[in-house]
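Let me begin by presenting the structure, written as structure tokens, before commenting on it.
Computed from heavy atoms alone, side chains included, the values below leave out hydrogens, waters and symmetry copies. Read the numbers this way: they start at 1 and go in the same order the structure lists the ligands and their atoms.
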Amino acid sequence: MTFPYTERVLDHFKNPRNVGKLDDSNAKATEGSPACGDMVSVYLKVNDETKKIEDIKFESYGCASNIATGSIITELAKGKTLDEAKDISWKQASEELGGLPAIKAHCSVLAVDGLRAAIENYEETHGMVKERKPTTVEEVRRRLKKVMNPLVGLDLVKTELVTGIMIEKGKVTVAIDLPATNQFAHNIHEEVMEKISPLWDVNEVEVRFTE
Ligand code: FES
């Protein structure tokens, strides 16, 4: 099947801007799309005084639309304050690219979600969260929906790998129905830590695999 990509999409796909990791980043996030099993990581270097995004890079394991959107949103976000960058929408990204096929809308949503999650990560790790609600099991579950189960390319919650979530005195324990010796256990552990640790009232995260 061929998709009617615009010149601009093809340009950003073939020559993506701001690709790679950022060694001196102070915020990052990885988002996965249950729709297609693809992932995008966004790294930010935010000026702690001005809250401006001084540098930004992304890595995509997605399709051409996802790579092109990642490229365009990093261009749009660079130099903006965090609040300004929050307003970048997938619709705006898609318009900047001259339009994307409707079937590919989720690919640009994924890239924009990656940017928003990286901004959220900065705010959470720099004491900028205004509404400090106590962490609930629902919130932990919501975040676990963003951790992929690489065995099937869907999230941990949807594939029923999460068998328990306990919160006690700042410690969150997540039980995963997978042996610790599984080849993906290490990755899943890292990703769960990455999603749950930044919560403002969480000081310890334990991921329990089955024996
Ligand atoms: Fe998965 Fe585009 S089809 S990111």
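- Shown here are the side-chain contact (heavy atoms from CB on, under 4.5 Å) partners of Arg142, two or more places apart in sequence or in another chain: Glu120, Glu139, Lys146.
- Protein N/O/S atoms closer than 2.8 Å to atom 1 (Fe) of ligand 1, listed by chain and residue number, are Cys36 SG, Asp38 OD2.
- The distance from atom CD of Glu204 to atom CD1 of Ile196, rounded to the nearest 0.5 Å, is 14.0 Å.
- Taking both residues in full, the closest heavy atoms of Thr135 and Asp201 are given as OG1-OD1, 2.5 Å, listed atom of the first, atom of the second, then distance.
- Here the closest heavy-atom approach between residue Thr81 and residue Glu84 is recorded as N-OE1, 2.9 Å.
- Of all heavy-atom pairs spanning Ser60 and Ile67, the tightest one is OG-CG1, 3.4 Å.
- Atom NZ of Lys51 has more than 12 heavy atoms from other residues, nucleotides or ligands within 6.0 Å.
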